[in-house]
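Just below is one structure, and these are the notes that go with it.
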Amino acid sequence: MSDKRSLPATRDSGLQQRVHRQGTTHETRGMRLTDHWFSVPLNHSRPKETQLEIFAREITASAHTPDDVAGLPWLLYLQGGPGGRGIRPTSLNGWLKEATASFRVLMMDQRGTGLSTPATRQTLPSVGNAAAQAEYLSNFRADSIVADAELIRAAIAGGPWTIYGQSFGGFCALTYLSFAPEGLREVLITGGLAPLTGSPDRVYQATYARVAERNAEYFARYPEDRALTSRIFRHLENVTENLPTGERLTPERFQMVGNFLGGNTRMDALHYLLEDAFVSTAEGWRLSDLFLAEVSAQVSRRPNPLYALLHESIYAQGDATNWSAWRVLDQYADFQPSGEAPLLTGEMVYPWYFTQDPALVPLADVAEMLACRDNWPALYDPGQLARNTVPVAAAVYLNDIYVDHDLSMETAAAVRGLQAWETADYHHDGITEDGEEIFARLLGMCRKL
């Protein structure tokens with residue numbers, strides 16, 4: 001990533017013309033939204049070869065005049081994922097309302113997502129065979145996302161900017177602090193302190209335990225759902241139930257609804273989903289169309305295939321992941337779908353995703369090659385992080401089922417000057433629950449307000 005360090009510290013008009021073009025501007029519900037497009041290299045170490053297009057949307061408050069906006073500092077939001085596009089706001093509320101009071105917010109579609117050059121079952125075949133696709137996707141991790149951000153910063157901002165990383169976006173923030181700290185004014189992170197070293201196995205060992213605890217909490221709140229979920233598991237073993245997309249809903253795929261357990265209010269949404277499960281028909285009890293449609297929306301990776309393809313690689317530095325979550329699952333019998341009362345899973349990715357999800361079936365060979373890849377470059381520089389001088393504040397959630405609290409605190413201790421706010425008030429989706437408060441608190445911590 002040394003090429004990024006040569007970028008100018010002030011705005012370069014020639015670079016702007018080569019890299020950046022501005023699109024339309026719209027005003028709605030208290031927001032002024034401006035589209036931006038950027039040309040970046042697929043591989044930043046070979047900048048003259050294949051180019052990608054990166055889309056980002058600038059969000060400012062309509063209350064600010066254009067002259068006011070021109071004087072505001074930039075804040076880059078790094079979305080969760082991998083494979084998640086930038087947020088599409090419909091009104092100015094939550095953390096965005098707080099942020100746009102004093103920033104120009106840039107909402108980037110990370111490479112491969114949203115309006116940026118897409119990477120899906122529909123587009124990847126144009127890259128070549130499975131081996132070529134796997135090599136192509138090896139350029140879609142945090143290191144490349146940070147290099148994109150630095151090129152964008154140099155084109156439109158010039159000086160250092162503030163970044164806000166949620167979940168995987170926080171992982172990207174740590175990569176940014178490792179390799180391009182000169183581009184950063186301050187860093188805010190929510191639910192996104194990745195382990196800096198070690199195998200992904202320890203990530204899943206920790207998160208399986210967290211998910212088991214969250215299952216226990218859920219079934220204590222809704223005890224009737226324990227028998228109901230077991231009934232659904234047994235039903236799916238014996239009766240063919242097809243999702244609206246045509247494929248069979250299997251017991252293990254049903255387990256994926258455990259993703260609801262990662263949020264404050266989503267736990268209650270899971271209960272509402274389950275209460276619609278069965279309907280009496282002329283053929284006996286069947287799963288309702290409503291239930292199957294809602295489950296399909298939760299278990300399909302059609303909108304974000306990069307999540308399944310790259311999820312384990314976000315922890316990989318050097319060694320192959322070799323389907324870490326699938327291997328570690330053997331240590332947790334309570335999650336086996338054939339058990340008497342199986343627990344629901346979290347965000348783990350398994351090889352059978354690529355045989356059961358029609359959107360992923362064409363990518364099965366690519367996924368296997370990525371899982372076996374054993375030359376992943378480093379995502380973090382522990383030495384640089386130990387010398388860090390950029391103000392950093394992070395919200396660390398005590399009961400996060402996706403990013404383990406203990407591993408997060410291990411990382412917090414390794415980043416010089418990082419201030420951690422440990423709280424049990426929120427889960428992984430805290431910024432959707434009380435975004436204004438969380439953003440204001442973290443910014444205040446960075447600035448010691």
Side-chain angles (χ1 to χ4, degrees), residues 1-12 15 19 38 40 44 54 56 58 72-80 86 95 98-100 102-108 110 141-194 196 378-396 408 411-412 414-421 431 438-449:
M1 299 180 68
S2 58
D3 56 305
K4 301 199 309 299
R5 295 181 181 277
S6 65
L7 289 173
T10 57
R11 192 177 307 174
D12 180 328
L15 179 69
V19 170
F38 304 90
V40 303
H44 282 266
I54 301 297
E58 177 186 349
L72 292 176
W74 284 92
L75 179 145
L76 173 69
Y77 180 72
L78 294 168
Q79 169 75 321
W95 72 266
E98 182 69 24
T100 54
S102 53
F103 289 101
R104 304 169 74 171
V105 175
L106 193 68
M107 185 70 63
M108 181 171 68
Q110 296 168 10
R141 299 197 309 157
D143 48 354
S144 297
I145 293 168
V146 167
D148 292 344
E150 271 296 271
L151 202 59
I152 291 168
R153 181 187 66 81
I156 66 170
W161 59 7
T162 300
I163 62 172
Y164 182 16
Q166 157 66 11
S167 190
F168 171 66
F171 293 22
C172 295
L174 290 168
T175 301
Y176 216 141
L177 285 164
S178 293
F179 299 111
E182 67 279 6
L184 301 175
R185 175 187 179 187
E186 59 211 348
V187 175
L188 285 61
I189 296 173
T190 48
L193 291 181
L196 302 179
L379 291 169
Y380 312 110
D381 181 343
Q384 175 60 43
L385 293 174
R387 298 187 298 272
N388 174 61
T389 59
V390 178
V392 186
V396 180
S408 295
T411 295
V415 180
R416 182 175 179 268
L418 185 149
Q419 300 180 74
W421 168 35
I431 63 168
I438 291 172
F439 182 90
R441 179 163 184 160
L442 293 178
L443 186 63
M445 290 168 65
C446 278
R447 298 180 178 180
K448 295 181 171 57
L449 299 178

Any side-chain heavy-atom pair from Asp148 and Leu151 closer than 4.5 angstrom?
no
Would you give the length of the straight line joining atom CD of Glu150 to atom CD1 of Ile145, rounded to the nearest 0.5 angstrom?
14.0 Å
Spacing of Ser102 atom OG and Leu72 atom CG [to the nearest 0.5 Å]
7.5 Å
Just wondering, do Met108 and Leu76 contact through their side chains at under 4.5 Å, heavy atoms?
yes
Please check if the side chain of Arg153 supplies one atom and the backbone of Gly159 the other of a donor-acceptor pair under 3.5 Å.
yes
Rounded at 0.5 Å granularity, tell me how far CG in Leu193 sits from OG1 in Thr411.
6.0 Å
Polar side-chain atom of Asp143 near backbone of Leu379 as donor-acceptor pair, under 3.5 Å:
no
Pair Val105-Trp95, side chain to side chain contact (heavy atoms under 4.5 Å, CB included): steps then yes or no:
CA-CA 11 Å; Val105 175; Trp95 72 266; 4.2 Å; yes
Considering all heavy atoms of both residues, which atom of Gln110 and which atom of Gln79 are nearest to each other, and what is their separation?
NE2-O, 3.2 Å
Under 3.5 Å: donor-acceptor pair, side chain of Arg416, backbone of Ala386
no
pair Ser408-Val396: side-chain heavy atoms closer than 4.5 Å
yes
Heavy-atom pair of closest approach, residues Phe103 and Leu443:
CE1-CD2, 3.9 Å
For residues Pro73 and Arg104, determine if any side-chain heavy atom of one lies less than 4.5 Å from a side-chain heavy atom of the other.
no
Flag the pair Leu196 / Leu385 as yes when at least one side-chain heavy-atom distance between them is below 4.5 Å, and no otherwise.
yes
Any side-chain heavy atom of Ile152 within less than 4.5 Å of one from Trp161?
yes
Minimum heavy-atom separation for Leu418 to Ala412, with atom names?
CD2-CB, 3.7 Å
To check you understand the geometry: which heavy-atom pair defines the closest contact between Ser178 and Gln384, and what is its length?
O-CG, 3.2 Å
All side chain to side chain contact (heavy atoms under 4.5 Å, CB included) counterparts of Glu98, not counting sequence neighbours:
Glu436, Phe439, Ala440
So, taking the atom named OG1 in Thr100 and the one named CD in Glu58, what distance separates them when rounded to the nearest 0.5 Å?
11.5 Å
So, do Leu78 and Ile163 sit near enough that their side-chain heavy atoms are less than 4.5 Å apart?
yes
Closest heavy-atom pair, Val390 versus Asn388, reported as atoms and distance to 0.1 Å, is O-ND2, 2.9 Å
What pair of heavy atoms forms the shortest contact from Thr175 to Ala142, and how long is it?
OG1-CB, 3.6 Å
Counting distance only, does the side-chain N/O of Gln419 pair as donor-acceptor with the main-chain N or O of Met445 below 3.5 Å?
yes
For a 4.5 angstrom cut-off between non-hydrogen side-chain atoms, does Leu106 reach Trp74?
yes
Any chance the side chains of Glu186 and Thr162 put a donor and an acceptor closer than 3.5 Å?
yes
Got a list of side-chain donor-acceptor pairs under 3.5 Å for residues 164-173, not counting sequence neighbours?
residue: Gln166; atom: OE1; partner: Thr190; partner atom: OG1; Å: 2.6
residue: Gln166; atom: NE2; partner: His428; partner atom: O; Å: 3.1
residue: Ser167; atom: OG; partner: His428; partner atom: NE2; Å: 2.8

